[in-house]
Trainee: 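Below is a structure I'd like to ask you about.
Residue numbers begin at 1 in each chain, while the letters A, B, ... track the order of the sequences. Values in this document were obtained by computation on a predicted structure and should not be read as measured data.
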2 protein chains.
Amino acid sequence: MIDHNIEECSTACFHPELTAQVKAAMPGEPLQEELARLFKVLGDQTRIRILNALYRSELCVCDLTSILGMNQSAVSHQLRVLRDAKIVRSRKQGKNVLYSLDDSHISDLIRLGSEHVQEEKG
Amino acid sequence: MIDHNIEECSTACFHPELTAQVKAAMPGEPLQEELARLFKVLGDQTRIRILNALYRSELCVCDLTSILGMNQSAVSHQLRVLRDAKIVRSRKQGKNVLYSLDDSHISDLIRLGSEHVQEEKG
DNA sequence: TCATCATATGAACAATTACTCATATGATAA
DNA sequence: TTATCATATGAGTAATTGTTCATATGATGA
């Protein structure tokens, strides 16, 4: 849904050849859309806390409820978001459902992001 | 604003020692909050497209306007979000303002995220 | 079977957000 | 100075989202 009614800068403002080069080198829209969706899922404190917990151990919903200090419904809703994004995986064990991280990339992303955040503070 | 009225599971449901261990090993809340904020900023397709463009070259707002096919106001608003998050940097050159990535961690994050997304497709 | 427990989910609501429109700012050129 | 151009920004709005409440599902044990 890209609007092509661009108000092009009058003359010397923009750099046509550079712009064309960059435009040609850009990743495809579907990839960028999925990438944004991935980051959006990571962009919530509750979900980050869930992932930081699951990074340390496989846990059932009830454990997470206790660790996060949130009610079960809220936790389950966020777990669904993470499951849909294939960031966490679940398996049943009796009455419980155990969750764990689905993908090593995710912990790498969290590690890298944490480094950035920590360095920025200094 | 953590609610401590947790409905603790009756008995054998949750694993107290494990839960305590994980709780103790969790990163501090401020770090997790900032991390979530960082990912939230990355979690928008327009901003991802801006970053993918700036990854390839320093560009003025007008260039970005052309590359993204969006109007100047929308681009400037998103650039502000990125500037506030210290993800991009700007410098004046005549009437133009040139933007570039502020931090190498960001391109690493985008690279890593892209890998994840691409592998997931297969 | 029925009761209970852990988890999942739909609806509703408040808060946030990305875009548009209009206008302001600040630099250059005449 | 005044006009013009590139960019920034405030207000308004539609869409999205995180939480809560109530309820459903599905497994276990009696």
Trainee: Does A/Arg49 use its side chain to pair, donor to acceptor, with the backbone of B/Gln32 at less than 3.5 Å?
Mentor: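 Checked: no pair found.
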Trainee: In terms of the angle between their ring planes, are B/His105 and A/His116 parallel, tilted or perpendicular, with boundaries placed at 30° and 60°?
Mentor: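 Perpendicular: the ring planes of B/His105 and A/His116 meet at over 60°.
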Trainee: In whole Å, what is the span from the CG atom of A/Leu64 to the P atom of C/dA6?
Mentor: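 Taking CG of A/Leu64 and P of C/dA6, I get 15 Å after rounding.
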Trainee: Could you tell me how far apart A/Arg91 (CZ) and D/dA27 (C1') are, to the nearest whole angstrom?
Mentor: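 Taking CZ of A/Arg91 and C1' of D/dA27, I get 16 Å after rounding.
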Trainee: So if I take every side-chain heavy atom of A/Ala74 and compare against D/dT17, D/dT20, D/dG18, which nucleotide ends up nearest?
Mentor: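 Nearest listed nucleotide: D/dT20.
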Trainee: Stacking between D/dT19 and A/His77, yes or no? Criterion: centroid separation under 5.5 angstrom, plane angle under 30 degrees.
Mentor: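 The base of D/dT19 is not stacked with A/His77 (the test needs centres under 5.5 Å and planes under 30°).
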Trainee: Is there a donor and acceptor pair closer than 3.5 Å between the side chain of A/Gln72 and the base of C/dA8?
Mentor: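 When only heavy-atom distances are counted, A/Gln72 does reach the base of C/dA8 through a donor-acceptor pair under 3.5 Å.
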Trainee: Closest-nucleotide mapping onto DNA chain C: is B/Gly43 or A/Ser76 further toward the 5' terminus? I mean the 5' end.
Mentor: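 The 5'-side residue here is A/Ser76.
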Trainee: Holding to salt bridge (charged side-chain N to carboxylate O under 4.0 Å, His left out), I want the full list of residues that pass it with A/Arg56, two or more places apart in sequence or in another chain.
Mentor: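 Listed in chain order: nothing, the list is empty.
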Trainee: Is A/Ser76 reaching over with its side chain to a backbone N or O of A/Ser73, donor-acceptor style, under 3.5 angstrom?
Mentor: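 Looks like no, no N/O pair under 3.5 Å.
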Trainee: Without hydrogens or angle criteria, can the side chains of B/Tyr99 and B/Arg91 be said to hold a donor-acceptor pair below 3.5 Å?
Mentor: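 Short answer, no.
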Trainee: C/dT9, D/dA27, D/dT7: which one has an atom nearest the side-chain heavy atoms of A/Lys95?
Mentor: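 The listed nucleotide nearest to A/Lys95's side chain is D/dA27.
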Trainee: For the pair made of OH in B/Tyr99 and P in D/dT7, what is the distance, rounded to whole Å?
Mentor: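 Distance, rounded to whole Å: 9 Å.
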Trainee: Should the side chain of A/Ser73 and the base of D/dC21 be counted as holding a donor-acceptor pair, with the cut-off at 3.5 Å?
Mentor: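 Side chain to base: pair present.
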Trainee: Check the distance between D/dT19's P and A/Leu68's CG and give it to me in whole angstrom.
Mentor: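 The distance from CG of A/Leu68 to P of D/dT19 comes to 10 Å, rounded to the nearest Å.
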Trainee: Map B/Leu98 and A/Gly94 onto DNA chain D by nearest heavy atom, then report which one ends up closer to the 5' terminus.
Mentor: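 Its nearest nucleotide lies further toward 5', so the answer is B/Leu98.
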Trainee: If you only use heavy atoms from C-beta on, which nucleotide in D/dT7, D/dG18, D/dT19 is closest to the side chain of B/Asn96?
Mentor: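 Between D/dT7, D/dG18, D/dT19, the one nearest the side chain of B/Asn96 would be D/dT7.
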Trainee: Are A/Arg80 and C/dT7 close enough that a side-chain N or O sits under 4.0 Å from OP1 or OP2?
Mentor: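 For C/dT7, OP1/OP2 do not have a side-chain N/O of A/Arg80 under 4.0 Å.
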Trainee: What is the distance from CD of B/Gln45 to P of C/dA18, rounded to the nearest Å?
Mentor: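 Interatomic distance, CD of B/Gln45 to P of C/dA18: 12 Å.
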